[in-house]
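Notes for the one structure printed next.
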Protein chains: 2
Amino acid sequence: MQHQRPKIVDVARLAGVSTATVSRVLSNPQIVNAETRRLVEEAIRQTGYRLNHAARNLRHQRTGGVVALVPNLSNPFFSQILAGMAAVLAPAGYNLLVADTRTEGRASILRYAEPSRADGLIVLDGSLPADGLARRVPVVLACEWIPGFAAPRVKIDNRQAAQLAVEHLIGHGHRHIAHVAGPPGNVLTDARLAGTEQALKAHGLPAPHIFPGDFTLASGRRAGEAWLALPADERPTAVFLASDEMACGFIGEVQHNGMVVPRDVSVMGFDDIELVSHMTPALSTIRQPREAIGRQAAQRLLDRIGGDDGSADTILPVELVLRGSTAAPRR
Amino acid sequence: MQHQRPKIVDVARLAGVSTATVSRVLSNPQIVNAETRRLVEEAIRQTGYRLNHAARNLRHQRTGGVVALVPNLSNPFFSQILAGMAAVLAPAGYNLLVADTRTEGRASILRYAEPSRADGLIVLDGSLPADGLARRVPVVLACEWIPGFAAPRVKIDNRQAAQLAVEHLIGHGHRHIAHVAGPPGNVLTDARLAGTEQALKAHGLPAPHIFPGDFTLASGRRAGEAWLALPADERPTAVFLASDEMACGFIGEVQHNGMVVPRDVSVMGFDDIELVSHMTPALSTIRQPREAIGRQAAQRLLDRIGGDDGSADTILPVELVLRGSTAAPRR
DNA sequence: ACCCCTCTTGAAATCGATTACATAACTCCG
DNA sequence: CGGAGTTATGTAATCGATTTCAAGAGGGGT
C-alpha cells in the first residue's frame, strides 16, 4: 500500500523503467521491446494501475466526450436515437453526455459547446442559436436542423415523407384531409406541412385543414376535440398528424367519443414509435430509422473530429408503414 | 491574435497580475481586491478566455461527470428518469453521461466506475456484478437494486405496489387473476410477483396463473396469445402485468382477436408511462414517480460525493391510477 | 576500425489551472 | 514607534500522463 491510487510512476518504479516507457506500453505497445513490455504489463497488473483520464485528456487536448443536445429527454422518440449514438461512440472510446435543451437555459446550454468540455456536439434541437454554435467544437445536426448553420445533417426527407403519407390517404379515396402540425417555427413542422400541401395540390385537392399541435399527446387530443367539434359533414375523413404521439392522443380522444377508426376517420401518424403497432387499430405511419439516425450522426461526428470536412447531408430513407388505422372513407 | 485559445497566463499578462490572481478571481472572487478583480474581469472579457476543464479537473481530482447506467436506453421508461437526473445535476455543475449496459459488454461497462472517468454512478440495472462496483466511485441505485450491494437505493415499494394493484382487481370481484411477470432473475420481477401472491393469499384466493414476460411489448403480446389459447372458461378474468409496455402488447393482441377490455378481461399495468392514459380503453396502472426518482437519485449521489455516508433507502410513493381497463368480471 | 542506421530507453518539458507558502503593505493599538 | 494582525498578491510546486529530444546499444557494410 503506497499511494491511495497507483500512478504511472509507481508502475515505472516497480518495473524498473521510466514513466515514458510505461506510457508507451499503454498507448503504443509495439515500439517497446517485448521483454520490457512484459515487465511493465506485469507491474501494471501488480499495482492495479488505472490511467487517469483527466491527465491524459489535458495532455491530448481532448475530452473523450460527445454531447447530445436533446430538446426533450423524456420524449421516447429520442431515447432510441441516443441508443444508436451510444452504440457507435462507446467502441470509439467516447463518452456520451446528454443535455436537455429545454430544462437548461438556452444560454447555459452553450457551455457544452466548449472544446474543453466535449470533443463534439450532436444537436437535435433546431431552435438553438446558430451564432452560439459557430466556431466552437465540431457539430453534427440530427433530425432537426438550424437554417443557415453549416454543419452535416443527418435526417430524413420530411417533405417527401409527408407527401408519401398524404398520397396514401388520397389513394384510399380521401378528398378532405386534415393535417395536425408540429410546433410553430419548427423546421420539421414546416417541411411536413409543405409536403402535405404539395401532395394535395398535385392531385388537385383543396388545401388541408390545419389543426395546431406541438408533437405531444395532449395536443393530439386537443386536435381530436377540435375535429369532433366540427359539424359531422364538414369533418375531414382523414387526418395526417406530424407525430405518432399526437396520433395516439387524437385516436384516444375520438374513440372516447364513440368514433371508430378507420371507419369514421382514417389516421396517419409520423415516426413509428414502437408502441403504435400494438394499439387498436394499429397505426399507419411513416417510419423513421431512429437507431440508424443516431448511428449515422455519431459516425459523421467522429469523422469530423477526425478532420473530415465534408458537410454534405445524410438523408436516410423512410418507410410507409400501413396498418389498420387507414382505410377508404365511408361513402 | 496570440494563441489559438487564450489561457490563464494570457489573461494574467494582459491584466498585469499573476496567474494565481486570475485563478482566484475565477473561483473565489471575494478574496481579491475589488479594483484588481475589475481589471482581471476586463482582461477575461477582452481575451475571450474560457477555462480549460481538463486542467481544472486534473488539479481537483474530479471529473465533473456522473454516469447513469441504464439497462436499455431505448426504453421510454428510463428517459423520464434521465430527465429528472439532468435537472438536478446540471445546476450542480455536473455533466450527465449515459451508457447502455446491454449495448456495451458487462465487463467494459465497469470502466465507467473509475474515479478518473466519473465522480459518481447511478445504476439502474440490478444485474450488474456487485464486486465490480465495490470500492470505486460513489454509487446510488435507482429503481432496480443489486442484492448484497450496499448503496443508497431510490425506489418504490414494488411488493406493496403489486399488492395494491391486485387488491384493486380483487375489489372488483375477480377471483381468477393472472400475472405476467418480468424477466427471470430480475429483482423487480420477484418483488412484484411476491406482492401479487401475497395479496391473493391474504384474500384466500388461489395462486395466480403466471405468464412469462420480460417487460417488452412483444412479450405482452405473447402473453395475450397464451391467454387466448386457454379454454374460455379457464381464462383468468383479470391480468396484472409487471409493465405498461407488456400491458399494451397484451391488450393489442386480445383486442385484435375480438376481445373487449374490460368486458372480457380486466387489465392492469405497471409504471404509468405517458401513452397509456390515451389508449382505448385507458389503462389502469400503478404510477411510478419517474421524474422524482431521477431527481432523488441524483440528489443522493451528490450528497454522497459531498461526503455524506448515509446509505438509507429512499422509498417513493406510488399511486394507483384507475382508468377504463379494469372493471368487474362478467357474470 | 569506422561510420551510419535502427531500435530502445530515459530526462525533462509540457498540457492549463490551482493552491500552499511566502512576502509585502497596511492598519491598529499600546 | 514597534509588534501583532490583516489583506492582497506573487512564486513555484503540483495534479498525472504524454512526447520531444537526446543518447546509448547493437548491427551491418566497406
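Residue numbering restarts at 1 for every chain, and letters A, B, ... go by the order of the sequence lines. Reckoned from all heavy atoms, side chains included, excluding hydrogens, waters and symmetry mates.
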>> Walk me through whether D10(A) and K7(A) qualify under salt bridge (charged side-chain N to carboxylate O under 4.0 Å, His left out).
In response: CA-CA 5 Å; D10(A) 300 314; K7(A) 10 197 245 181; over 6 Å; no
[X] [atom1] to [N] [atom2]: how many Å, rounded?
{"X": "L39(A)", "N": "dT8(C)", "atom1": "CG", "atom2": "C1'", "result": "14 Å"}
{"X": "E35(B)", "N": "dT7(D)", "atom1": "CD", "atom2": "C1'", "result": "16 Å"}
{"X": "Q30(A)", "N": "dT6(C)", "atom1": "CD", "atom2": "P", "result": "18 Å"}
{"X": "N28(B)", "N": "dT9(D)", "atom1": "CG", "atom2": "C1'", "result": "14 Å"}

>> Do the side chains of D308(A) and R300(A) get close enough for a salt bridge, i.e. N-O under 4.0 angstrom?
In response: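 Salt bridge between D308(A) and R300(A), a charged N being under 4.0 Å from a carboxylate O: no.
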> Would you call R38(A) and E35(A) a salt bridge, using N to O less than 4.0 angstrom?
Replying inline: yes
> Who passes salt bridge (charged side-chain N to carboxylate O under 4.0 Å, His left out) against R295(A), sequence neighbours left out?
Replying inline: E291(A)
> At their closest point, which heavy atom of I315(A) faces which heavy atom of I156(A), and how far apart are they?
Replying inline: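 Smallest interatomic distance, heavy atoms only, reads CG2-C, 4.1 Å.
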>> Strictly under 4.0 angstrom, non-hydrogen atoms only: write out the protein contact profile of nucleotides 9-16 of chain C, one letter per nucleotide from the 5' end, B, S or -.
In response: BBB-BBBB
>> So, using side-chain contact (heavy atoms from CB on, under 4.5 Å) as the criterion, who are the partners of Q80(B) when residues are at least two apart?
In response: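 Result, side-chain contact (heavy atoms from CB on, under 4.5 Å) vs Q80(B): S74(A), R290(B).
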